[in-house]
Amino acid sequence: MKRIAVFASGFGSNLQALLEYEKNNKLSGKIVLVFSNNIDAYALRRAEKSSIKTICFSPSDFTSRNAFDKAIIEMLENEQIDLVVLAGYMLLAGKALVSKYKNRMINIHPALLPAFKGTHGIRDAYNYGVKVTGVTVHFIDEGLDSGPVIIQEPVTVNQHDTIEMLEEKIHTAEHRLYPLAVKYFCQDRLKIVGRKVIIEGI
Ligand code: GAR
């Protein structure tokens with residue numbers, strides 16, 4: 001059984017979706033740790049409610065960003081983590097961490113990458129006036145939201161949608177998609193070929 005760490009900085013609704021999927025025995029992996037850089041993250045409360053170990057520290061607790069990254073790697077090694085799942089984690093993963101967890105760290109982004117990278121994917125797509133946006137799950141590489149795409153799902157923007165309506169549609173799609181992607185990883189069904197990710201058995 002793969003050992004999973006979820007990194008979250010905020011509300012943690014994606015974490016919740018993963019926990020529920022796991023509770024229904026569908027994840028094929030075990031969430032053993034929730035890490036946050038933000039002590040007020042509601043994600044930490046969700047983890048506690050599910051009796052999952054939580055750890056919280058932030059770059060400001062360290063003298064350098066390198067030292068912070070080193071502490072993260074140490075934490076992951078101590079917990080023998082196989083997969084790092086970024087779920088609303090609002091810090092860029094440092095170089096050492098990216099290289100240590102290459103092909104073993106994934107992220108969910110609330111837009112159809114490579115469009116609308118960064119921290120405001122939903123708002124940026126909405127303000128741009130696109131008719132279709134969506135959700136992307138991808139591996140982490142050295143760039144910003146630039147790693148190989150695992151799965152994507154389009155979400156239609158209707159012309160009378162408010163941003164709140166769009167946010168709700170995106171989150172619904174995320175909560176369906178992320179558990180699936182994690183399951184595929186845990187079942188060793190993801191093969192990375194260059195920039196392409198092949199999902200075996202679909
Ligand atoms: C999600 O919409 C996720 O896609 C986004 O933050 C939200 C976290 O929600 N992540 C990014 O924008 C990363 N660039 P949650 O805390 O309720 O899971």
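All ligand and atom numbering here is 1-based and tracks the order in the structure.
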With the threshold set at 4.0 Å, does a side-chain nitrogen-carboxylate oxygen contact exist between [X] and [Y]?
| X | Y | answer |
| --- | --- | --- |
| Lys53 | Glu79 | yes |
| Lys95 | Glu142 | no |
| Arg45 | Glu48 | yes |
| Asp188 | Lys2 | yes |
| Lys169 | Asp161 | yes |

Indicate yes or no: at least one non-hydrogen side-chain atom of [X] is less than 4.5 angstrom from one of [Y].
| X | Y | result |
| --- | --- | --- |
| Lys131 | Val157 | no |
| Asn37 | Phe7 | no |
| Lys70 | Asn66 | no |

Answer with side chain, backbone, both or neither: which part of Glu174 has a heavy atom less than 4.0 angstrom from an atom of ligand 1?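 The side chain, only.
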
Can you figure out which of [options] has its heavy atom closest to [atom]?
| atom | options | result |
| --- | --- | --- |
| atom 14 (N) of ligand 1 | Ala111, Gly121, Gly118, Ser9 | Gly118 |
| atom 16 (O) of ligand 1 | Gly88, Ala17, Gly12, Ala173 | Gly12 |
| atom 13 (C) of ligand 1 | Ile108, Leu144, Leu92 | Ile108 |

Any N/O of [X] closer than 3.5 Å to an N/O of ligand 1?
| X | result |
| --- | --- |
| Tyr89 | no |
| Asp145 | no |
| Ser13 | yes |

Starting from atom 9 (O) of ligand 1, which protein heavy atom do you reach first, and at what distance in Å?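 Going atom by atom, the protein heavy atom closest to atom 9 (O) of ligand 1 ends up being Asn14 ND2, 3.9 Å.
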
Could you check atom 12 (O) of ligand 1 against the protein and tell me its nearest heavy-atom contact, residue, atom and distance included?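 Result for atom 12 (O) of ligand 1: Pro110 CD, 3.4 Å.
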
Decide whether the shortest distance between a heavy atom of Met90 and an atom of ligand 1 is less than 4.0 Å.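 Yes, Met90 has heavy atoms under 4.0 Å from ligand 1.
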
Distance filter under 4.0 Å to His171 heavy atoms, resulting ligand 1 atoms: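 Answer, ordered by atom number: 2 (O).
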
Which of the atoms of ligand 1 are close to Phe11, meaning less than 4.0 Å from one of its heavy atoms?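 With Phe11 as reference, the close atoms of ligand 1 come out as 16 (O), 17 (O).
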
